[in-house]
Asker: 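What follows is a single structure, and I will ask about it in a moment.
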Amino acid sequence: ADVSQLLESIPALANIFRYGNVRKTDASLVSHVLDSLVVRSCVGLAGACGSLDDGAASLMRTRIVSAHKALKLISKDEHGALWTPALVRVASLHGAHGLVCGASARILFDETAETPGETAARLSRALSRGAEPAEAAAWLEGFLFESATVLLHDDRLWGSLDSWMSGLSDEAFTRILPFIRRALSTATQTERRQLGE
């Protein structure tokens with residue numbers, strides 16, 4: 001019943017389903033179990049992301065990203081029909097940790113499940129003046145989990161980030177600077193240089 005454990009099981013089973021294993025496990029049996037895990041994970045995902053501290057949110061983000069990659073590997077339409085709405089619910093979840101909301105929004109953007117305009121609106125809401133700066137920075141870290149290049153290719157996203165950072169007080173900026181550094185730590189040297197320019 002634990003969504004975290006269900007999500008952790010999906011990548012291993014997806015590999016067996018796609019590539020087989022040394023035991024010559026019947027792929028149809030694995031497919032049946034995998035289908036069940038995906039349904040249960042999607043139903044409980046938003047609830048599992050509701051009240052997470054920093055450590056738990058980081059682990060949940062990793063599980064969501066790994067499960068997403070596994071489901072892409074299998075590429076079954078019925079999984080996508082359940083997984084995408086589950087990610088939309090997490091990305092829209094009020095009061096949830098920014099890491100999981102931002103990562104869900106990024107997956108939706110990368111998979112073109114949402115338009116650039118919808119993603120820009122999400123980013124703008126997450127980085128609005130009313131948002132707690134540390135929570136906004138966590139959302140940004142979740143959104144930039146694999147690459148900051150997305151900011152270079154969409155002026156609306158870059159504009160939202162720029163206006164948010166420009167509007168911070170000196171005290172708030174100093175307080176969240178470590179979070180911003182961590183959010184951009186996965187960016188390559190080239191990406192950092194381009195962002196700086």
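The first residue in the sequence is number 1, and the count goes up from there.
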Asker: For Asp162, what residues pass the salt bridge (charged side-chain N to carboxylate O under 4.0 Å, His left out) criterion, not counting sequence neighbours?
Answerer: none
Asker: Kindly write out the residues that satisfy side chain to side chain contact (heavy atoms under 4.5 Å, CB included) with Leu73, not counting sequence neighbours, or none if the list is empty.
Answerer: Asn15, Arg18, Tyr19
Asker: Using the test side chain to side chain donor-acceptor pair (under 3.5 Å), find all partners of Trp139 that sit at least two apart in sequence or belong to another chain.
Answerer: none
Asker: Check side chain to side chain donor-acceptor pair (under 3.5 Å) between Asp110 and all other residues, then give those that pass, not counting sequence neighbours.
Answerer: Arg106
Asker: Quick one, Phe145 and Thr62 - any side-chain contact, counting heavy atoms below 4.5 Å?
Answerer: no
Asker: Rounded to the nearest 0.5 Å, what's the gap from OG on Ser31 to CD1 on Ile16? Could you check?
Answerer: 12.5 Å
Asker: List the residues meeting side chain to side chain donor-acceptor pair (under 3.5 Å) with Lys69, not counting sequence neighbours, and say none if there are none.
Answerer: Glu146
Asker: When rounded to the nearest 0.5 angstrom, what is the spacing between CG in Asp77 and CG in Leu82?
Answerer: 11.0 Å
Asker: With sequence neighbours excluded, what pairs up with Ser9 under the side chain to side chain contact (heavy atoms under 4.5 Å, CB included) test?
Answerer: Leu37
Asker: Just verifying a value: how many Å separate Ser66 OG and Arg61 CZ, rounded to the nearest 0.5 Å?
Answerer: 10.5 Å
Asker: Can you sort out the partners of Ser4 under side chain to side chain contact (heavy atoms under 4.5 Å, CB included), two or more places apart, ordered by chain and number?
Answerer: Asp2, Met60, Arg63
Asker: Can you tell me how far the CD1 atom of Ile107 sits from the OG1 atom of Thr84, to the nearest 0.5 Å?
Answerer: 9.5 Å
Asker: Quick test of your reading: applying side-chain hydrogen bond (donor to acceptor under 3.5 Å, both in side chains), list the pairs with at least one residue in residues 168-179, sequence neighbours left out, ordered by first then second residue.
Answerer: none
Asker: Under the salt bridge (charged side-chain N to carboxylate O under 4.0 Å, His left out) test, which residues partner Arg156, sequence neighbours left out?
Answerer: Asp154
Asker: Would you say that Leu71 contacts Lys76 through its side chain, given a criterion of any heavy-atom pair below 4.5 Å between the two side chains?
Answerer: no
Asker: Who pairs with Thr119 by side chain to side chain contact (heavy atoms under 4.5 Å, CB included), at least two apart in sequence or on another chain?
Answerer: Phe109, Glu114, Phe143, Leu157
Asker: So which pairs with a foot in residues 90-105 pass side-chain hydrogen bond (donor to acceptor under 3.5 Å, both in side chains), sequence neighbours left out?
Answerer: Asp54-His97, Ser92-Arg122
Asker: List the residues meeting side chain to side chain donor-acceptor pair (under 3.5 Å) with Glu111, not counting sequence neighbours, and say none if there are none.
Answerer: His68, Lys72
